[in-house]
Amino acid sequence: MSDAALRVMRGLSLPIALLIAWQAAGLAAHSVRMPLPTHVVAAAADLVRSGELPLAILQSLSRVFAGFAVASVIAIPLGLLMGSSRGVERNVDPLVESFRPIAAIAILPLAILWLGTGTAAAVMIVAYAAFFPIVINTVSGAKGVNSTLLRAASTMGLPRLRIIRTVVVPAALPAIGVGLRIGMGVAWTAIVAAELAVGAKAGGGGSGGIGQMMFVFYAYSIELNRIIVCMVAVGLVALALDALLRLALRLLMPWAR
Amino acid sequence: MATGAPAARANDRIAIGVLRHLRGAAAFFVYLRTMLAFFVVWAIIAWWTSNSVLLPSPLAVFAAIGQLAADLELFFHAGISFARMVGSLMIGALLAIPLGLAMGLSRTVGEVVDPTIEVLRPISGIAWIPLALFIFGIGNALPLFIMTYAGFFPILLGTIAGVRGVDRRLIDAARTMGIPQRTIVTRVVIPAALPSLMVALRLGVAASWTAVVAAELIGAPSGLGYAVEWYRELLATPQVMAFIAMIGVLGYLCDLGVRALARLFTPWASDARSAP
Amino acid sequence: MGTINGSIKLRLAHVGKRFDAAGRAATVAVDDFTLDVAQGEFLVIVGPSGCGKTTVLNMLAGLDRPSAGSVTLDGREITRPGPARGVMFQDYALFPWQNVRGNVGFGLKHGPAGAGLASDARARRVQDCIDLVGLNGAEDKYPHQLSGGMRQRVALARLMANEPEVLLMDEPLAALDAQTRLILQDELLRIWGQDRAQSSRRTVVFITHAIDEAVFLADRVAVMTTRPGRLKALIDVPLARPRNDATRASAEFQALSQHIWSLIRDEAYRATVT
């Protein structure tokens with residue numbers, strides 16, 4: 001057997017063993033509530049066919065994209081400015097560092113207070129969550145630009161703003177990309193948390209999204225199979241978002257190895 | 001560098017120390033100035049909106065902090081959240097570090113376990129809350145489980161990366177000295193992986209601290225997340241902001257603590273201070 | 001001491017440079033440094049590492065300002081970088097996100113060197129420079145896909161594309177292996193135009209720590225002392241141009257190299273132990 005095939009077999013052995021053990025234990029337990037892998041698959045097929053799951057995911061995604069866009073539009077220019085000007089960095093950094101340790105979900109109560117339980121509050125949470133990784137990585141990217149490249153551009157007589165556009169931005173792009181990827185990850189986590197919390201605490205309502213859907217399955221019917229479908233969907237969407245972003249960054253930076 | 005007299009060097013060193021202090025003081029001054037500007041802007045907006053529920057003035061929030069601190073409520077909830085984090089971090093590290101060592105050292109273990117980890121990792125801790133609510137109910141176990149789960153993956157990945165990143169030549173050097181395998185692991189691999197592990201611990205603390213708020217907000221009868229939600233329902237916004245500030249302060253102190261630990265355990269690592 | 005032929009292009013008069021790092025004693029990098037460079041001259045500065053050669057070059061480029069004395073180009077004070085003085089950096093300084101064509105055309109596209117140039121004229125000049133350094137066929141490659149010698153050629157083409165009056169080169173060949181280095185020395189002289197009249201050549205200030213390289217390339221060699229960097233000697237190199245492998249094998253070449261080595265041997269030794 002080839003080495004690669006052996007590796008695949010090894011990799012699959014544990015998940016398969018765990019699934020079999022879960023199924024066996026579930027069958028042995030004789031409980032109606034006990035989730036089973038086979039039931040999870042059936043529930044997934046149901047939720048996809050009825051369109052509930054795709055709709056909920058789309059709802060959550062639209063919020064993530066909106067909040068992510070807001071965060072990027074503010075964080076990238078601000079980060080570039082902070083990274084290329086010591087004065088701006090010194091004065092703005094205290095604010096960034098003071099708010100960074102406050103988890104996005106902690107400001108959910110304020111967001112609900114200010115914007116209600118709908119989409120606006122969710123977008124605010126996402127934007128807040130994604131803002132910090134993007135701004136911090138942009139600053140470090142802009143500060144980490146090889147100083148010889150800056151000198152080379154200035155010996156060719158380029159004005160300062162032109163240098164930021166033609167040297168600092170492309171040189172910082174890999175770091176900005178890292179920030180965007182981390183930001184997208186936390187944004188997705190934040191939206192699930194926000195929707196869950198809104199579902200749990202703000203009396204539910206029509207806020208929707210995958211997080212809300214999970215909570216409804218818990219609170220009103222205790223359908224564990226369906227909850228697990230949602231969990232898997234959360235994981236798959238996280239992977240897909242990261243893969244998409246990585247592809248976009250690769251297309252944007254053909255020079256990167 | 002030109003060699004000067006020892007006395008001149010000592011003088012230099014004192015001058016350097018003074019300069020460093022001055023620079024630290026200057027940075028602190030800039031920090032105070034920025035935060036003061038922030039509070040002034042906030043106060044003006046609060047005065048303009050004049051709605052103490054929607055946006056209380058900073059003074060009202062400071063008063064709330066003072067009052068909550070005086071009757072110890074602030075510290076009570078902070079202590080509970082902090083204890084949960086320390087507990088979950090210890091459980092997480094206890095599970096993740098040995099597993100990470102095994103996965104990093106043995107290719108077979110790595111290949112067997114890795115796909116399972118990669119399947120579970122994208123499912124955020126927060127997504128486990130509904131299922132965990134069913135299993136554990138509301139109480140201490142739920143936040144502990146969610147936080148442990150959230151902190152587990154960064155620590156595991158950091159440990160694996162640390163072990164795999166150990167300079168091959170260090171191991172070869174030890175082998176040429178005839179040192180047995182087990183000693184190489186304890187005396188070469190683990191110390192060499194330690195800086196990376198400490199960075200991972202920082203990420204783990206950050207992840208589990210983010211999870212604590214969400215978990216307590218939904219499924220615990222105490223802690224900072226619970227307190228924030230409790231006062232929101234009472235529309236006591238100054239108290240809500242006071243607890244949010246406490247979440248930030250405690251999160252910052254935890255990070256500071258892990259960094260201090262990192263400096264203590266890995267004084268040779270230069271990047272123990274840098275941000276992840 | 002060396003003799004000046006022709007009009008003076010660059011002048012360093014009693015130049016000093018000290019760096020006042022916060023929290024550290026000031027370093028005197030260059031002290032009372034006086035040197036004239038003639039139009040069309042190839043001047044090489046040699047000295048042990050850390051002798052302030054790069055500081056001198058940075059002041060000529062306008063990247064650093066002298067703490068004392070004056071640095072002038074055609075009699076005018078140099079205060080900041082400008083396209084009349086092109087710099088070739090030691091570690092290539094190629095923009096990783098630009099391919100060969102983009103790197104060579106960078107100054108023409110974004111800097112004043114390309115002002116008033118139509119885009120097809122610009123493209124032609126870029127292509128001419130790429131051909132000049134023998135990189136045709138590699139136009140669309142990114143720096144990380146090129147060998148060290150090829151990267152150096154890109155840097156040279158980029159320098160020539162901006163058509164500066166003065167070429168400032170900071171150990172441009174230091175990172176290359178010995179063979180590539182010899183080849184690029186020949187290329188450099190060819191591109192500089194060593195078979196042309198001095199009045200139609202560009203002025204070059206070239207920094208190196210390799211003595212044979214200095215003798216092979218230079219009209220005059222300036223020898224520097226270690227910190228603080230001072231001018232120790234100026235040596236004429238009367239070897240006939242065009243120079244080639246026969247030049248390297250000549251007794252005159254060997255004698256000059258020996259002479260310069262004897263001047264800096266003690267300095268170089270001291271630099272390795274402090």
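First the proteins, then the strands, lettered A, B, ... as listed; each starts at 1.
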**Study point:** Minimum heavy-atom distance between C:Pro81 and A:Ser154, given as atom pair plus value
**Key:** CB-O, 3.1 Å

**Study point:** Heavy-atom neighbours of C:Arg181 CZ exceed 12 at 6.0 Å
**Key:** yes

Exercise for review: Would you mind telling me which of C:Tyr92, C:Tyr142, C:Trp97, C:Phe89 has the largest number of heavy-atom pairs within less than 4.5 Å of chain A?
Suggested key: C:Trp97

Check your understanding: Using non-hydrogen atoms only, which part of A:Arg162 is less than 4.5 Å away from chain C: side chain, backbone, both, or neither?
Key -> side chain

Review point. What residues form a ring-ring contact (aromatic ring centres under 6.0 Å, His included) with C:Phe206, not counting sequence neighbours?
Key: C:Phe42

**Study point:** Contact winner vs chain A - C:Gly62, C:Ala93, C:Ala84, heavy-atom pairs under 4.5 Å
**Key:** C:Ala93

Review point. Looking only at atom types and distance, does a side-chain atom of C:His110 sit under 3.5 Å from a main-chain N or O of A:Thr166, one as donor and one as acceptor?
Key: no

**Study point:** Per-residue contacts, residues 153-175 of chain C versus chain A, heavy atoms under 4.5 Å
**Key:** C:Arg158, C:Asn162

Review point. Roughly how far, to the nearest 0.5 Å, is CG of C:Leu60 from OG1 of A:Thr155?
Key: 13.0 Å

Practice item. Determine, stepwise, if the pair A:Thr148 / C:Gln90 fulfils side chain to side chain contact (heavy atoms under 4.5 Å, CB included). Key: CA-CA 9 Å; A:Thr148 316; C:Gln90 188 175 1; over 6 Å; no

Review point. Do the side chains of A:Trp255 and C:Asn99 get nearer than 4.5 Å, heavy atoms only?
Key: no

Review point. Around atom CZ of C:Arg18, are there more than 12 heavy atoms of other residues, nucleotides or ligands at under 6.0 Å?
Key: no

Review point. Is any side-chain heavy atom of A:Leu149 less than 4.5 Å from a side-chain heavy atom of C:Pro96?
Key: yes

Practice item. Kindly indicate whether the side chain of A:Met156, heavy atoms from C-beta on, has any atom under 4.5 Å from the side chain of C:Val87. Key: no

Review point. Quick one: what part of C:Lys141 sits under 4.5 Å from any heavy atom of chain A, side chain, backbone, both or neither?
Key: neither

Point to revise | Options C:Pro112, C:Pro143, C:Pro83, ranked by heavy-atom pairs under 4.5 Å with chain A, top entry | key: C:Pro112

Review point. Under 6.0 Å from the CZ atom of C:Arg80, do we count more than 12 heavy atoms belonging to anything else shown?
Key: no

